[in-house]
Amino acid sequence: MDVMSEVDCWKAELELVFARVAGRFGRVDLRWRMRDYVRGLLAPVGRKNGWQLAEWAGHRDPAGLQHLLNGARWDADAVRDDVRDYAAERLGPGGVLIIDDTGFVKKGTTSAGVGRQCTGTSGKIDNCQIGVFGAYATARGRALVDRELYLLKAWTSDRERCRAAKIPDECGFATKGELAREIVRRCLAAGLPAAWVTADEAYGQDWNFRRLLEQLGFGYVVAVPKSLAGCWRIDQLIDEAPADAWQRLSCGDGAEGPRVYDWAAAKLPANIIFDPDPPTHNRWVLARRSLSDPTEIAYYLAHAPVGIEIDELARIAGSRWAVEECFQAAKNECGLDEYEVRRYPGWYRHITLAMLAHAFLTALAAQEAHRETAETNQPASSPSPWQKSDGSWTLSCPTQDPNSTSVSML
């Protein structure tokens, strides 16, 4: 595809995205501000804050874009629903819903939910906000499809502080696990065509999270800490695995090719309280061992349809890294973390529009991959009429329709 055709394709897809969400903005001026904001998030702007986005869009000052985030009347949750449905359509069914959180390092004490807490963004306890996200991933790509802002108890126990940050009075304390469960319920109720759920050990160790997935009929592969104990500690159980229980499998492609590990997996006994007879799903315990350092072992619990193969469980476990790629791309390319809003509604509005911009980029990448595959798989050309036999060439003529009046001539 030439450059002009590619640009036209981008423009057409972006117009489809804008048309999809236009009805969420009741006034024409808000629709144009939304378009300018999203275009700015997609543009090569140095830092995607209010002033720089406004300058890129040709506004005199950032007041209009700030009003879009802080004062205008529109429903960010309705746009979130549009983003989720758009991503599902572009990425297709049978994917994985991935639950994870990411931090937004901030200064001060007035931004909604901000406080000193552990975040993987900086790798330490930092002054930050934490967002719990759902991402949807298939072979075509991955996109963020849901989000919730985590509020520390120091916030929810101080209602005056909450009101100053425009946090609704009905918004009480919820653990990250509870926010994750709400995202799962919402995605399932909306018809997200995910077949699996995966998450890191912060969520995987939560029995309520795993039980909800089982009740909803989701298969899952979730990381758990080595100290997780029931009738046994998971690391002690894996220590007793025989040598031939381990097999070398890829859990997906990484930047440098297939990510290969040694895997051990074993089915667990059916739970007579929760499971039907005969069971439709089995529970599994899995371990992933590094090839370069055999002492580096990750542990998982799984709930999967009867008849599943271990390599499929490994693939689902490996798909969790797609959410890290979402965070990286959405922050680096769409300004997910470059907002300057302090109030609760503004956080949701900026994050949702950044998710919309990222979903658009994901859709473009999926289209390009599909186009390249189609071009690679062009039908073979017709066989040449030149045929060699007994050291000499002859021309083979196609069979003529006896009713045809046309005459082939050389």
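Atom set for the values below is all heavy atoms of this structure, side chains included, hydrogens, waters and symmetry mates excluded. None of these values were measured; they are calculated from a predicted model. The first residue of the sequence shown is numbered 1, and numbering continues consecutively from there.
How far CD1 of Ile130 is from CD of Glu148: 14.5 Å, rounded to the nearest 0.5 Å. Distance check, rounded to the nearest 0.5 Å: CG of Leu188 to CD of Gln215 gives 12.0 Å. Taking CG from Leu41 and CZ from Arg39, the interatomic distance works out to 12.0 Å, rounded to the nearest 0.5 Å. Between Met34 atom CE and Leu68 atom CG the span is 8.5 Å, to the nearest 0.5 Å. Expressed to the nearest 0.5 Å, how far OH of Tyr299 lies from CG of Leu237 amounts to 10.0 Å. Atoms CD and CH2, from Glu240 and Trp232 in turn, are 11.5 Å apart once rounded to the nearest 0.5 Å.
Under the 6.0 Å distance and 45° angle rule, Arg289 does not count as a cation-pi partner of Trp263. Both the sub-6.0 Å distance and the 45° axial angle are not jointly satisfied by Lys166 relative to the ring of Tyr344.
With hydrogens and angles ignored, the 3.5 Å screen pairs no side-chain donor or acceptor of Lys48 with any backbone N or O of Leu336. Side chain of Arg20 to main chain of Val83: no donor-acceptor pair is present (N/O by atom type, distance under 3.5 Å, no hydrogens or angles). With Asp82 contributing its side chain and Asp85 its backbone, the two residues share no donor-acceptor pair below 3.5 Å. Listed for the Asn282 side chain is no donor-acceptor partner under 3.5 Å among the backbone atoms of Leu268. Between the Asp126 side chain and the Cys128 main chain, no donor and acceptor come within less than 3.5 Å of each other. Proximity of a side-chain donor or acceptor of Ser111 to a complementary backbone N or O of Val114 within less than 3.5 Å is not detected. Under the 3.5 Å distance criterion, the side-chain polar atoms of Tyr136 are matched with a main-chain donor or acceptor of Pro193. Between the side chain of His350 and the main chain of Gly335, a donor-acceptor pair closer than 3.5 Å is present. At distances below 3.5 Å, not a single donor-acceptor pair connects side-chain atoms of Glu312 with backbone N or O atoms of Glu309. Between the side chain of Arg288 and the backbone N or O of Ala298, no donor-acceptor pair lies under 3.5 Å.
Lys331 and Thr102 are linked by a side-chain donor-acceptor pair at a separation below 3.5 angstrom, with hydrogens and angles left out of the test. Under 3.5 Å, the side chains of Thr110 and Arg342 contain a donor-acceptor pair of N or O atoms. For the 3.5 Å distance criterion, the side chains of Gln129 and Tyr339 qualify, holding a donor opposite an acceptor. With hydrogens and angles left out, the side-chain atoms of Tyr261 and Arg248 include no donor and acceptor closer than 3.5 Å. When only modelled atom types and interatomic distance are considered, Asp275 and His281 share no side-chain donor-acceptor pair under 3.5 Å. In the model, Asp101 has a side-chain atom that pairs as donor or acceptor with a side-chain atom of Tyr203 under 3.5 Å.
Ring geometry, Phe327 versus Phe133: the interplanar angle exceeds 60°, so the pair is classed perpendicular (tilted spans 30 to 60°).
In this structure, Gly26 and Arg31 approach most closely via the heavy-atom pair O-NH2, 3.8 Å. For Arg210 against Gly204, the heavy-atom pair with the smallest separation is NH1-O, 2.7 Å. Closest approach of Asp100 and Val323 over heavy atoms only: OD2-CG1, 3.5 Å. When all heavy atoms of Arg140 and Leu91 are compared, the closest pair comes out as CD-O, 3.4 Å.
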Exercise for review: Could you give me the CA-CA distance, side-chain angles and deciding distance for Leu361 and Cys334, then say whether side chain to side chain contact (heavy atoms under 4.5 Å, CB included) is met?
Suggested key: CA-CA 9 Å; Leu361 293 180; Cys334 305; 3.7 Å; yes
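None of Arg24, Arg186, Arg147 except one satisfies the side-chain hydrogen bond (donor to acceptor under 3.5 Å, both in side chains) rule with Asp77; the exception is Arg147.
Heavy atoms of other residues, nucleotides or ligands lying less than 6.0 angstrom from CZ of Arg159 number more than 12.
Between Tyr86 and Phe360, the distance from one ring center to the other does not fall under 6.0 angstrom.
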